[in-house]
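A quick write-up on the structure given underneath.
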Amino acid sequence: MIDNNLKYAREELEMTQTELGFVFGVSQSTVAGWENAIDVIPFNKLVRFCNLYDYSLDFICGFTRKNTNYNKPIKIDKKKLGLKLKEFRNELNLSQQQFADECGFYKSTYGNYEVGRYLIKTMTIYTICKKYNISMDYLVGRTNNKKIYK
């Protein structure tokens, strides 16, 4: 389950769940599921929300208590994100198998993220960031600050 500040951010924007659902082309109940950690917001929608409303990924995912406005939109590049993941894993001196095992992933699935074949799932990147205290905004190239500072 993902701790998140999506509901707080939506209320701060004075939007209803129905209005936010309209923005993303989903139902009010889908937004409610995201806010209540019943469902996980897809990573591309999470990034879109942060870009549209000037929120950091770290804040929306509940890693920090204070929003940082980077004034720099997130451009999802699966290959660049994969390279950041690989670089970080190598800093830990772990093989793909060891890293996947530590995080509870299948090596083949994680390997596809690392080479940029698929866009990483929200739960996967969330798990990595939470386990290793690494900034999600760093992994997507929005900041050079690697660690999460609460």
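Both backbone and side-chain heavy atoms feed into the values below; hydrogens, waters and symmetry mates do not. In this text the structure is predicted, and so the values were computed from the model without any measurement.
The CD atom of E35 lies 11.0 Å from the CG atom of N5; values are rounded to the nearest 0.5 Å. Atom CG of L46 is separated from atom CZ of F24 by 8.5 Å, given to the nearest 0.5 angstrom. One finds the CD1 atom of I41 at 8.5 Å from the CG atom of N4 (value rounded to the nearest 0.5 Å). Taking CZ from R10 and CD from E19, the interatomic distance works out to 9.0 Å, rounded to the nearest 0.5 Å. Distance check: N67 CG to I60 CD1 gives 6.5 Å after rounding to the nearest 0.5 Å. Taking CG from L119 and CD1 from I76, the interatomic distance works out to 5.0 Å, rounded to the nearest 0.5 Å.
Partners of F88 under the ring-ring contact (aromatic ring centres under 6.0 Å, His included) rule, at least two apart in sequence or in another chain, are Y132.
Hydrophobic clustering of Ile, Leu, Val, Met, Phe, Trp and Tyr side chains at less than 4.5 Å, counting indirect connections, keeps V115 apart from I120. Under the 4.5 Å side-chain heavy-atom criterion for Ile, Leu, Val, Met, Phe, Trp and Tyr, L20 and V40 are members of the same hydrophobic cluster. Transitive grouping of hydrophobic side chains (ILVMFWY, heavy atoms separated by less than 4.5 Å) brings Y118 and L81 into a common cluster.
Contact annotation: the side chain of K147 never approaches that of I134 to less than 4.5 Å [non-hydrogen atoms, C-beta and beyond]. Residues K121 and Y113 meet the side-chain proximity criterion, which asks for heavy atoms closer than 4.5 Å. Using a 4.5 Å cut-off on side-chain heavy atoms (C-beta onward), F43 and M136 make contact. Within the 4.5 Å cutoff, the side chain of M123 has heavy atoms near those of the T127 side chain. Side-chain contact between I128 and C103 is present, with heavy atoms from C-beta onward closer than 4.5 Å. In this structure, P42 and W34 have side chains that are in contact, with non-hydrogen atoms separated by less than 4.5 Å. For the pair R142 and C50, the minimum side-chain heavy-atom distance is below 4.5 Å. For the pair D137/T68, no side-chain contact is recorded, criterion being any heavy-atom separation below 4.5 Å from C-beta on.
Looking only at atom types and distance, the side chain of S135 has a donor-acceptor partner in the side chain of D58 under 3.5 Å away. Between the side chains of Y106 and Q97, no donor N or O sits under 3.5 Å from an acceptor N or O. Side-chain contact check for T30 and S27: at least one donor-acceptor pair (N or O, by modelled atom type) lies under 3.5 Å.
Between the side chain of N133 and the main chain of C129, no donor-acceptor pair closer than 3.5 Å is present. Side-chain N or O atoms of Q98 include one that pairs as donor or acceptor with a backbone N or O of S95 at under 3.5 Å. A donor-acceptor pair is defined here as one N or O able to donate and one able to accept, closer than 3.5 Å; no such pair exists between the side chain of D39 and the backbone of G33. When atom types are taken as modelled, the side chain of E102 and the backbone of F99 share no donor-acceptor pair closer than 3.5 angstrom. Judged purely by atom type and a 3.5 angstrom limit, R117 has no side-chain atom pairing as donor or acceptor with the backbone of T109.
Annotation: N69, atom CG; neighbour count of heavy atoms from other residues, nucleotides and ligands within 6.0 Å is above 12. Annotation: Y8, atom OH; neighbour count of heavy atoms from other residues, nucleotides and ligands within 6.0 Å does not exceed 12. Heavy atoms of other residues, nucleotides or ligands lying less than 6.0 angstrom from NZ of K45 number more than 12.
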Side chain to side chain contact (heavy atoms under 4.5 Å, CB included) between Y55 and L13: does it pass, once the steps are laid out?
-> CA-CA 11 Å; Y55 285 100; L13 294 165; 4.1 Å; yes
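Applying the side chain to side chain donor-acceptor pair (under 3.5 Å) test to residues at least two apart or on different chains, the pairs with a partner in residues 77-94 are E87-Y138, R89-E114, E91-K146.
By the 30° and 60° cut-offs, the orientation of the rings of Y53 relative to F49 is tilted. Classified by interplanar angle (parallel below 30°, tilted 30° to 60°, perpendicular above 60°), the ring pair Y110/F105 is parallel.
Summarising the geometry of N145 relative to T143, their closest heavy-atom pair is N-OG1, 3.1 Å, with the distance given to 0.1 Å. The minimum heavy-atom distance between K72 and G141, with the atom names listed, is NZ-O, 3.1 Å.
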